[in-house]
Asker: 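The structure under discussion is supplied below as structure tokens; questions concerning it will follow.
Basis for what follows: all heavy atoms, side chains included, without hydrogens, waters or symmetry-related copies.
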Amino acid sequence: MQASSGAEVVEPPADPRAERRRRLLASNLTELAIEFRTDKWGVHRYTPHYERHLEHLRGESFTLLELGIGGYKKRRRSGASMKMWRWFFPKARIVGLDIEDKTWLTRGHIHAYHGDQTDPEVLRRIIDEQGAPLVVIDDGSHIPAHVRESFRILFPLLPDGAIYCIEDIQTSYWPAWAESSTRGHRGPRWTW
């Protein structure tokens with residue numbers, strides 16, 4: 001670039017944080033899943049489906065509740081999908097609930113709660129504090145009884161037009177989680 005005096009003007013280097021922010025805000029959901037290393041892409045390939053059904057909310061202010069934060073006790077891997085959701089929905093409040101304490105993830109638009117996905121008091125407290133979610137994603141225990149109980153508690157509290165997603169329903173047919181009458185097993189073979 002030339003200045004009017006003929007001297008070359010050197011532009012300052014771009015702010016890396018601002019560049020990353022621009023890139024993340026422009027990313028599609030699969031790109032964000034890869035960036036934050038969530039299994040919602042790769043293992044499961046859920047992101048194209050989520051994007052198709054949720055993209056209309058991208059610029060909206062609302063609450064998204066995810067049951068199950070993931071990452072177990074590995075701090076660097078915990079909350080990957082919450083981080084993905086935070087960038088896909090920059091105006092939304094992203095709320096997670098996990099049986100393991102992940103409250104250290106709470107920052108900015110992300111709010112993490114510690115508790116059981118079937119505890120009505122915890123679920124009602126989340127709604128009282130964060131607002132009724134417009135989107136619920138159950139990626140919690142995957143135990144059918146827990147999935148049903150969370151749905152029983154939450155669904156009547158959701159606003160009209162809310163979207164309730166249940167992930168990993170195939171686990172209902174796996175021996176460790178199964179409650180299928182064709183398997184004869186009633187309940188998990190492991191405990192929290």
Asker: T103: what forms a side chain to side chain donor-acceptor pair (under 3.5 Å) with it, not counting sequence neighbours?
Answerer: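 Applying side chain to side chain donor-acceptor pair (under 3.5 Å) to T103 gives D101.
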Asker: Not counting sequence neighbours, list each pair that qualifies as a side chain to side chain donor-acceptor pair (under 3.5 Å) and has a residue in residues 24-33.
Answerer: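 For residues 24-33: T30-T47.
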Asker: Closest heavy-atom contact between P90 and L25?
Answerer: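 Minimum heavy-atom contact is CB-CD2, 3.7 Å.
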Asker: So which atom in V136 and which in P133 form the shortest heavy-atom distance, rounded to 0.1 Å?
Answerer: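 Looking at all heavy atoms of both residues, the closest pair is CG2-CG, 3.7 Å.
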Asker: Could you walk me through whether I137 and W85 satisfy the side-chain contact (heavy atoms from CB on, under 4.5 Å) test, starting with their C-alpha distance in whole Å, then the side-chain angles of each, then the deciding distance to 0.1 Å, before giving a yes or no?
Answerer: CA-CA 11 Å; I137 298 164; W85 293 126; 3.2 Å; yes
Asker: Name all pairs fulfilling the salt bridge (charged side-chain N to carboxylate O under 4.0 Å, His left out) condition that reach into residues 120-130, sequence neighbours left out, sorted by first residue then second.
Answerer: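 Listed once each, the pairs are R125-E129.
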Asker: Kindly give the heavy-atom pair with the smallest separation between L67 and Y164, and that separation in Å.
Answerer: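 Taking L67 first and Y164 second, the nearest heavy atoms are CD1-OH, 4.3 Å.
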Asker: I'd like to know if the side chain of E66 reaches the main chain of V95, judged simply by a donor and an acceptor atom lying under 3.5 Å from each other, with no hydrogens or angles considered.
Answerer: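 No; judged by distance alone, with no hydrogens or angles, the pair does not exist.
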Asker: Look at the aromatic rings of F151 and F155 and report parallel, tilted or perpendicular, splitting at 30° and 60°.
Answerer: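 Answer is parallel, since the angle falls under 30°.
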Asker: Using atom types as modelled and distance alone, determine if a side-chain donor or acceptor of K102 lies under 3.5 Å from a backbone N or O of G70.
Answerer: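 Answer holds: yes.
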Asker: Say you draw a straight line from CG of L97 to CG of D139; how long is it, rounded to the nearest 0.5 Å?
Answerer: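 Reported value, rounded in 0.5 Å steps: 12.0 Å.
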Asker: Residues two or more places apart in sequence or in another chain: which of them pass side-chain contact (heavy atoms from CB on, under 4.5 Å) with A26?
Answerer: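 Partners of A26 by the side-chain contact (heavy atoms from CB on, under 4.5 Å) criterion come out as none, since no residue qualifies.
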Asker: Checking H114 side chain against I99 main chain: does a donor-acceptor pair fall under 3.5 Å?
Answerer: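 Indeed, once roles are kept as given, a pair shorter than 3.5 Å links the two residues.
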Asker: Are F62 and P159 close enough that some pair of their side-chain heavy atoms sits under 4.5 Å apart?
Answerer: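 No, side chains not in contact.
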Asker: Kindly determine whether L54 and L29 satisfy side-chain contact (heavy atoms from CB on, under 4.5 Å), including the steps that lead there.
Answerer: CA-CA 10 Å; L54 300 176; L29 196 56; 5.9 Å; no
Asker: Tell me who clusters with I34, hydrophobic residues only, linked when side chains sit under 4.5 Å apart either directly or through other members.
Answerer: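 W41, listed by chain and number.
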Asker: Please collect all salt bridge (charged side-chain N to carboxylate O under 4.0 Å, His left out) contacts where either partner lies in residues 48-65, sequence neighbours excluded, each pair once.
Answerer: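 For residues 48-65: none.
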Asker: Can you list everything that forms a side chain to side chain donor-acceptor pair (under 3.5 Å) with R93? Sequence neighbours excluded, please.
Answerer: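 Only T63, Q130 meet the side chain to side chain donor-acceptor pair (under 3.5 Å) criterion with R93.
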Asker: Please name the pair of heavy atoms, one in S81 and one in K40, separated by the smallest distance, quoted to 0.1 Å.
Answerer: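 Nearest heavy atoms, S81 then K40: CB-CE, 3.5 Å.
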Asker: Can you name the closest pair of heavy atoms from H56 and I163 and give their distance?
Answerer: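 Scanning both residues completely, I find the closest heavy atoms to be CE1-CD1, 4.2 Å.
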Asker: Would you find a donor on one side and an acceptor on the other, under 3.5 Å apart, between the side chain of D98 and the backbone of I69?
Answerer: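 Confirmed, D98 side chain pairs with I69 backbone.
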Asker: Side chains of Y46 and D168: any donor to acceptor distance under 3.5 Å?
Answerer: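 On atom types as modelled, these side chains qualify, holding a pair under 3.5 Å.
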Asker: Would you give the length of the straight line joining atom CD of E19 to atom CG of L24, rounded to the nearest 0.5 angstrom?
Answerer: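 Going from CD on E19 over to CG on L24, the span is 11.0 Å.
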Asker: For side chain to side chain donor-acceptor pair (under 3.5 Å), just list the numbers for H146 and D116, CA-CA rounded to whole Å, side-chain angles, deciding distance to a tenth of an Å, and then say yes or no.
Answerer: CA-CA 9 Å; H146 296 174; D116 187 307; 5.5 Å; no
Asker: Within this structure, what is the CG-CG distance for the pair L134 and L64, rounded to the nearest 0.5 Å?
Answerer: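 Output value for this atom pair is 9.0 Å.
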Asker: To the nearest 0.5 Å, how far apart are NE2 in H53 and SG in C165?
Answerer: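 Going from NE2 on H53 over to SG on C165, the span is 8.5 Å.
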Asker: Return the CE to CG distance between M82 and L65, rounded to the nearest 0.5 Å.
Answerer: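 Going from the CE atom of M82 to the CG atom of L65 covers 9.0 Å.
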Asker: For D138, enumerate each residue passing the salt bridge (Lys or Arg N to Asp or Glu O under 4.0 Å) test, keeping only those at least two apart in sequence or located in another chain.
Answerer: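 Counting only residues at least two positions away or on another chain, D138 forms no salt bridge (Lys or Arg N to Asp or Glu O under 4.0 Å).
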Asker: Could I get the full list of salt bridge (Lys or Arg N to Asp or Glu O under 4.0 Å) partners for R20, not counting sequence neighbours?
Answerer: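 R20 satisfies salt bridge (Lys or Arg N to Asp or Glu O under 4.0 Å) with E35 once adjacent residues are dropped.
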Asker: How long is the gap from NZ on K83 to CD1 on I110, to the nearest 0.5 Å?
Answerer: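 Output value for this atom pair is 7.0 Å.
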Asker: Report the residues that fulfil salt bridge (Lys or Arg N to Asp or Glu O under 4.0 Å) with R21, sequence neighbours left out, ordered by chain and then residue number.
Answerer: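 For R21 there are no salt bridge (Lys or Arg N to Asp or Glu O under 4.0 Å) partners, ignoring immediate neighbours.
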Asker: Under the side chain to side chain donor-acceptor pair (under 3.5 Å) test, which residues partner T38, sequence neighbours left out?
Answerer: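 Listed in chain order: nothing, the list is empty.
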Asker: Would you say the ring centers of F88 and Y50 fall short of 6.0 Å from each other?
Answerer: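 Not close enough - the centres of the two rings lie 6.0 Å or further apart.
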Asker: Hey, quick one: are M84 and V43 part of the same hydrophobic cluster, counting side-chain heavy atoms closer than 4.5 Å, chains of contacts allowed?
Answerer: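 No, M84 does not connect to V43 through the hydrophobic network.
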Asker: Could you tell me which residues satisfy salt bridge (Lys or Arg N to Asp or Glu O under 4.0 Å) with R45, sequence neighbours excluded, listed by chain and number?
Answerer: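 Testing R45 for salt bridge (Lys or Arg N to Asp or Glu O under 4.0 Å), a comparison that skips the adjacent residues, returns none.
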